[in-house]
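In this chain, residues are counted from 1 in sequence order.
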Amino acid sequence: MPTANKDKDAQEYEKVFQEYLKICNQAIEQNKSKFPYTEIWGARMKLMEKDAKVEAIVYDDRPKLSYMLRLTKDMKIEIAEKKEIPPDEAWPFTYQYLKRVVDHPQEYIENPAKLEWGWLKTIFGPA
């Protein structure tokens with residue numbers, strides 16, 4: 001595959017992942033004062049002494065991008081660092097899943113339970 005196509009693909013994966021994080025942040029913001037999210041987020045956030053980080057990988061047919069994500073005390077999910085080599089213990093996000101969320105953002109913002117939040121267990125621990 002020519003380099004230009006690889007760069008274009010990487011840009012698409014990065015764009016979709018950034019949009020996905022934006023939707024997650026909107027879902028948190030829109031629902032943080034609603035039951036049960038207030039209780040869930042509030043209890044977990046109190047346990048955090050500082051911003052927490054987790055590794056994430058965007059997959060398609062193989063790993064495409066790798067990130068270190070940061071969950072801040074004010075309940076925002078951010079990209080802390082883009083990584084070159086996917087770590088062994090990273091949370092996998094499939095491109096198909098990310099694209100489905102990005103293509104239907106309101107559905108996920110209004111119903112945050114539809115979002116995959118399992119990766120937060122690496123930060124918060126099991127419920």
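In terms of modelled atom types and a separation under 3.5 Å, the side chain of Trp91 and the main chain of Gly118 share no donor-acceptor contact. Panel note: side chain Asn31, backbone Asn111; no donor-acceptor pair is recorded below 3.5 Å. In terms of modelled atom types and a separation under 3.5 Å, the side chain of Asn25 and the main chain of Ile77 share a donor-acceptor contact. No donor-acceptor pair closer than 3.5 Å links the side chain of Glu78 to the backbone N or O of Ala80.
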I'd like to know whether Gln26 forms a side chain to side chain donor-acceptor pair (under 3.5 Å) with Gln30, so could you lay out the CA-CA distance, the side-chain angles of the two residues, the decisive distance to 0.1 Å, and finally the verdict.
CA-CA 6 Å; Gln26 288 175 331; Gln30 185 171 313; over 6 Å; no
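Here NZ of Lys64 is found 14.5 Å from CD of Glu14. Values are rounded to the nearest 0.5 Å. Here CD of Glu29 is found 14.0 Å from NZ of Lys22. Values are rounded to the nearest 0.5 Å. Rounding to the nearest 0.5 Å gives a distance of 5.5 Å between CG of Leu21 and CG of Leu69.
A distance below 6.0 Å separates the ring centres of Tyr97 and Tyr20.
Ile57 has its side chain out of reach of Phe93: every pair of non-hydrogen atoms, C-beta onward, lies at least 4.5 Å apart. Between Tyr13 and Leu98, the closest side-chain pair of non-hydrogen atoms is not below 4.5 Å.
Ionic pairing of Lys83 and Glu55 is present here: one or more N-O contacts between side-chain nitrogen and carboxylate oxygen are shorter than 4.0 angstrom.
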